[in-house]
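Treat the numbers as computed from the prediction; the structure is a model and nothing was measured.
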Amino acid sequence: MNFEHRKERPDDGKRRHGGPDERRHHGHRGDPGKQFQRGDKLLKVEDLSVEYTSGKKVVHAANHVSFELNRGESLGIVGESGCGKSTVAKAILRILPDRGARISGGKIMFKGEDLVTMPEKTMEKIRGAEISMVFQDPMTALNPVRRIIDQVSGVIRLHNPELTKKEAEQRGIDILGTVGITPDRVRDYPLQFSGGMQQRVVVAIALCCNPELLLADEPTTALDVTIQAQVLEMMKDLMTQRNTALILITHNLGIVADTCDNVAVFYGGEIVEYGSKEEIFKNPSHPYTIGLFGAVPDIHSKVDRLTPVAGIMPEPSDLPAGCKFHTRCPYATECCMEGDVPVVSLGGTHICQCHNIQTVQEANKKEATA
């Protein structure tokens, strides 16, 4: 979905992307004197489309996705499995599979330069240094036959070749200390760590070169709730200290509420609703977003069963025409089944892609007051 290029309804108000915060933090990567203002533009994804090809099938994993991210801000990307969340993160880092995957359109502007057309040699210098990623499963992200300190210091030396092995190792010990791993454990192997401790190592590797953008793909899915809270708190603290921007991919709306500034709701490879955390949580407006909230337990409501979103996600290789959600939507009408879907501005940064937005909002308000 492209929020930049589609025509808005004339009576929906002016769209804007939020103002900068006046707080300042120290800069990154060997320039401690440089000051960055929270709110400076860092990333702009414009009309991004990604396709996977398997035999004669073409999977449309991301379709005309657009959003922006400023320094120090965090964006939560939510949606069901298969909706294109991880594909967008991998496209930003340019780690899509060499065969069968391609960015079919759009731009990814990072600090004013397009990552899509950037030479691979240049991207190698950016990965891990300026943009890092925390993967979902630490057991597959870490090398099982290399000691923890070797894996951390190896990344540091790769992007700081002027450092000696001993200097890189000491820096690795320091960064592991910030995520709660003591010096007496740094020479252990991954198999000697619990899942939570392994994820701390993965976070340390992602942050060891002070990246300006951190991509976190379901970073706490495999962890119990206690360790999950510790890892999220650690990531938030490190982001505050370093003014790092964050894109957090998750199924968990509770994590989004606790961690993110803005929210993008994905469905069928598109952003169907976008806004600040407050706008989305106080006024969910797309039928799919409302469905996601309906499936979340609420301690203040007395209900026998939660209300899941009816139906299943369509195959990305065979997406329906018109609104991708119309096959599951209780408010779908004939106009939803073909053509472009209008993007409605609801004030502030809040935007929703829906033909029947007023009907949906009225029904949602009635249900909330019932």
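- In this structure, Leu191 places its CG atom where more than 12 heavy-atom neighbours from other residues, nucleotides or ligands lie under 6.0 Å away.
- Considering only heavy atoms from C-beta on, Leu213 comes within 4.5 Å of Ile92 through its side chain.
- For the pair Pro219 and Gln199, the minimum side-chain heavy-atom distance is below 4.5 Å.
- Under the 3.5 Å distance criterion, the side-chain polar atoms of Thr289 are left unmatched by any main-chain donor or acceptor of Ser285.
- Atom-to-atom distance recorded for Thr259:OG1 and Leu75:CG is 12.0 Å, nearest 0.5 angstrom.
- Counting non-hydrogen atoms of other residues, nucleotides and ligands closer than 6.0 Å to NZ of Lys277 gives a total above 12.
- Put simply, the side chain of Phe67 reaches to within 4.5 Å of the side chain of Val88, judged on heavy atoms.
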For the pair Val59 and Ser54, evaluate side chain to side chain contact (heavy atoms under 4.5 Å, CB included) and give the outcome as yes or no after the intermediate values.
CA-CA 8 Å; Val59 176; Ser54 176; 5.7 Å; no
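- A pairwise comparison of heavy atoms in Leu215 and Ala89 identifies CD1-O, 3.5 Å as the closest pair.
- The CD atom of Glu68 sits 4.0 Å away from atom NZ of Lys41, with the distance rounded to the nearest 0.5 Å.
- Side chain of Ser132 to main chain of Leu214: no donor-acceptor pair is present (N/O by atom type, distance under 3.5 Å, no hydrogens or angles).
- The other residues sharing a hydrophobic cluster with Val360 are Ile290, Tyr331, where clustering joins ILVMFWY side chains under 4.5 Å apart.
- You'll find the side chain of Val341 reaches within 4.5 Å of the side chain of His355, heavy atoms only.
- In this structure a side-chain-to-backbone donor-acceptor pair under 3.5 Å is missing from Glu273 to Ile280.
- The main-chain N or O of Gly268 is found under 3.5 Å from a side-chain atom of Asn63 such that the two form a donor-acceptor pair.
- Under 3.5 Å, the side chains of Thr333 and Asn356 contain a donor-acceptor pair of N or O atoms.
- For the salt bridge (charged side-chain N to carboxylate O under 4.0 Å, His left out) condition, the pairs that include at least one residue of residues 159-174, sequence neighbours left out, are Glu169-Arg187.
- Both Phe135 and Ile77 are members of a single hydrophobic cluster when ILVMFWY side chains are connected at heavy-atom separations under 4.5 Å.
- No continuous path of ILVMFWY side-chain contacts below 4.5 Å connects Leu319 to Val309, so the two sit in separate hydrophobic clusters.
- At a threshold of 4.5 Å between side-chain heavy atoms, the hydrophobic network of Ile, Leu, Val, Met, Phe, Trp and Tyr places Leu158 and Ile173 in two separate groups.
- Listed here is the closest heavy atom pair of Pro190 and Gln151: CG-NE2, 3.7 Å.
- Of all heavy-atom pairs spanning Pro211 and Ala206, the tightest one is CG-O, 3.2 Å.
- Remark: Met239 pairs with Ser74, Thr244, Leu246 by the side-chain contact (heavy atoms from CB on, under 4.5 Å) rule, at least two apart or across chains.
- Phe193 has its side chain out of reach of Leu142: every pair of non-hydrogen atoms, C-beta onward, lies at least 4.5 Å apart.
- One hydrophobic cluster, built from ILVMFWY side chains closer than 4.5 Å, holds both Met197 and Val201.
- Sequence neighbours left out, the pairs with a member in residues 80-99 that pass salt bridge (charged side-chain N to carboxylate O under 4.0 Å, His left out) are Glu80-Arg328, Arg94-Glu120.
- The OG atom of Ser276 sits 9.0 Å away from atom CG of Asp261, with the distance rounded to the nearest 0.5 Å.
- A distance of 5.5 Å separates CG of Asn262 from CD of Glu73, quoted to the nearest 0.5 Å.
- Across every non-hydrogen atom of Ile126 and Met118, the tightest pair is CD1-SD, 3.3 Å.
- Listed for the Gln361 side chain is no donor-acceptor partner under 3.5 Å among the backbone atoms of Gln358.
- Nearest heavy atom pair, residue Gly55 against residue Thr53, reads O-CG2, 3.7 Å.
- The salt bridge (charged side-chain N to carboxylate O under 4.0 Å, His left out) check on Lys57 picks up nothing, with sequence neighbours excluded.
- Within a 6.0 Å radius of CD in Glu338, no more than 12 heavy atoms belonging to other residues, nucleotides or ligands are found.
- Considering CZ of Arg200 and CZ of Arg185, their distance stands at 11.5 Å, rounded to 0.5 Å.
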I would like to know whether Thr122 and Glu113 meet side chain to side chain contact (heavy atoms under 4.5 Å, CB included); could you show each step before the answer?
CA-CA 11 Å; Thr122 309; Glu113 297 186 57; 5.7 Å; no
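- Annotation: side chain of Asp258 is in contact with side chain of Lys236 (closest heavy-atom distance under 4.5 Å).
- For the pair Glu130/Phe110, a side-chain contact is recorded, criterion being any heavy-atom separation below 4.5 Å from C-beta on.
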For a side chain to side chain contact (heavy atoms under 4.5 Å, CB included) check, start with the C-alpha distance between Ile271 and Phe266, then their side-chain angles and the critical distance, and finish with the verdict.
CA-CA 5 Å; Ile271 298 178; Phe266 267 61; 3.4 Å; yes
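- Hydrophobic clustering (ILVMFWY, side-chain heavy atoms < 4.5 Å, transitive): Ile149 and Leu163 are in one cluster.
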Going through the distances and angles, do Glu279 and Leu346 end up as a side chain to side chain contact (heavy atoms under 4.5 Å, CB included)?
CA-CA 9 Å; Glu279 291 165 342; Leu346 303 173; over 6 Å; no
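- Remark: Val155 engages His159, Ile205, Cys208, Cys209 in a side-chain contact (heavy atoms from CB on, under 4.5 Å) (not counting sequence neighbours).
- Between Glu334 atom CD and His326 atom NE2 the span is 11.0 Å, to the nearest 0.5 Å.
- Close placement of the His286 and Phe325 rings is indicated, their centers lying within 6.0 Å of each other.
- Here the side chains of Val179 and Leu207 are not in contact, with every heavy-atom distance at 4.5 Å or above.
- The 12-atom threshold is exceeded at CE of Met337, counting heavy atoms of other residues, nucleotides or ligands nearer than 6.0 Å.
- Of the N and O atoms on the side chains of Asn252 and Thr250, not one donor lies less than 3.5 Å from an acceptor on the other residue.
- What you find for Ile108 and Ala91 is that their closest heavy atoms are CD1-O, 3.5 Å.
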